[in-house]
Amino acid sequence: MHFVSDTEVTTVLTFPILVAALEAAHRRPKMEVLDASLGDEKGQYVIRSAVDPGRYMASKMFTSFPANLADGKMPAVQAVCVLFDGTNGRPLAAMDGTEITHWRTAADSALGTKLLAPSNPETLLCVGAGEMSEWLIRGHRTVRPSLKRVLIWNRSPERAIDLARRLAEDGVKAETTTDLDAATREADIITTCTRSHQLLIKGRNLRSRRTCSAISTISPAAVCKDAPHRPTSPSSRMPAAAISTS
């Protein structure tokens, strides 16, 4: 059995490779998936398992401890992935699931943008400035290189400022905002990475042919529940497309 470290994961993966692989996987027959969880929002243990008949069997085991972010010593989500041969059950690999989670979540969200978003968007709004935010911004800018400007809103402005600084160091034109409604109306693509249970993205602020991608605890219904039409793929008749990634 092979043990795959976070360094190996990062060495192998790129967003173009992963987005293409995820698109191919989504077009295949749906796999059997089962989730199980214990604990609560302060400390949660989750196992997500899937069977691809005749090919592979796998599980991702992860913990979620949001308080870890307070001191910055450990990520909020930590994970391990295990992979088995789907023809004989032989263990194939144990992998660093934390790094895989970052890559896969951002790439799946970016895939939604690739398929649903306008072809030449210019402004990306990132709602939340946690550990996934920078990954999501990188993923969306990979599939839509026309995104030259990034707006960042976060409940605590300090973290938004820090994220904008890091992005600027990489040559990204990033700025913070405290007016989420105005930023929503201005953005071409919106990506959210927040644990908030409150409605943040209001459907009435989404312009026609704009895309909203939600991860973590928000669902498309929570993001756009007051939209004049049900979220769907973008068209001249619908205000926005909504994507949910977990």
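All values reported here derive from a predicted model rather than from experimental measurement.
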Heavy-atom donor-acceptor pair, [X] side chain to [Y] backbone, under 3.5 Å:
X	Y	answer
Arg144	Pro118	yes
Glu99	Thr10	no
Ser109	Thr105	no
Arg141	Leu147	yes
Asn154	Pro157	no
Asp188	Thr123	yes
Asp40	Gly43	yes
Thr176	Ile161	no

Just so I know, are the side chains of [X] and [Y] near enough to count as touching, which here means a heavy-atom distance under 4.5 Å?
X	Y	answer
Leu180	Leu125	yes
Leu22	Leu18	yes
Arg195	Glu41	no
His102	Glu131	yes
Lys73	Asn68	no
Thr191	Val127	no
Glu23	Lys114	yes
Leu83	Met95	yes

Derivation and outcome, side chain to side chain contact (heavy atoms under 4.5 Å, CB included), residues Met61 and Val82
CA-CA 8 Å; Met61 298 161 282; Val82 291; 4.0 Å; yes
Test of understanding: with side chain to side chain donor-acceptor pair (under 3.5 Å), list the residues that count as partners of Ser49, not counting sequence neighbours.
Ser59
His140: which residues meet the ring-ring contact (aromatic ring centres under 6.0 Å, His included) condition with it, sequence neighbours left out?
none
Please name all residues satisfying ring-ring contact (aromatic ring centres under 6.0 Å, His included) with Phe15, sequence neighbours left out, ordered by chain then number.
Trp103
At what distance, to the nearest 0.5 angstrom, does [atom1] of [X] lie from [atom2] of [Y]?
X	Y	atom1	atom2	value
Ile189	Leu151	CD1	CG	12.5 Å
Leu136	Asp108	CG	CG	11.0 Å
Thr101	Arg48	OG1	CZ	9.5 Å
Lys173	Glu175	NZ	CD	6.5 Å
Lys60	Ile100	NZ	CD1	9.0 Å
Leu13	Glu8	CG	CD	11.0 Å

Could you verify whether a donor N or O on one side chain and an acceptor N or O on the other, from Lys202 and Thr184, lie under 3.5 Å apart?
no
With no hydrogens and no angle check, just 3.5 Å: does a side-chain donor-acceptor pair link Asp179 and Thr177?
no
Looking at every heavy atom in both [X] and [Y], which two are closest together, and how far apart are they?
X	Y	result
Ser133	Cys126	CB-SG, 3.7 Å
Asp96	Val9	O-CG2, 4.3 Å
Leu200	Thr194	CD1-CG2, 3.7 Å
Ile152	Ala174	CD1-CB, 4.3 Å
Gln78	Thr98	CA-OG1, 3.3 Å
Cys193	Met132	CB-CB, 4.3 Å

Take Arg159 and Leu69, measure what side chain to side chain contact (heavy atoms under 4.5 Å, CB included) needs, and give me the verdict at the end.
CA-CA 11 Å; Arg159 297 189 69 178; Leu69 298 177; 4.0 Å; yes
Check step by step if side chain to side chain contact (heavy atoms under 4.5 Å, CB included) holds for Asp170 and Leu167.
CA-CA 5 Å; Asp170 289 334; Leu167 291 170; 5.5 Å; no
Sidechain N-carboxylate O distance under 4.0 Å for [X], [Y]:
X	Y	result
Asp162	Arg165	yes
Asp181	Arg185	no
Arg149	Glu186	yes
Glu134	Arg138	no

Should the heavy atoms of other residues, nucleotides or ligands under 6.0 Å from OH of Tyr56 be counted, would the total exceed 12?
no
Please check if the number of heavy atoms outside Glu169 that lie under 6.0 Å from its CD is greater than 12.
yes
Do you reckon Ile47 sits in the same ILVMFWY cluster as Val77, going by side-chain contacts under 4.5 Å, direct or chained?
no
Should Met57 and Phe62 be regarded as members of a common hydrophobic cluster, given that ILVMFWY residues are connected when their side-chain heavy atoms come within less than 4.5 Å of each other, either directly or indirectly?
no
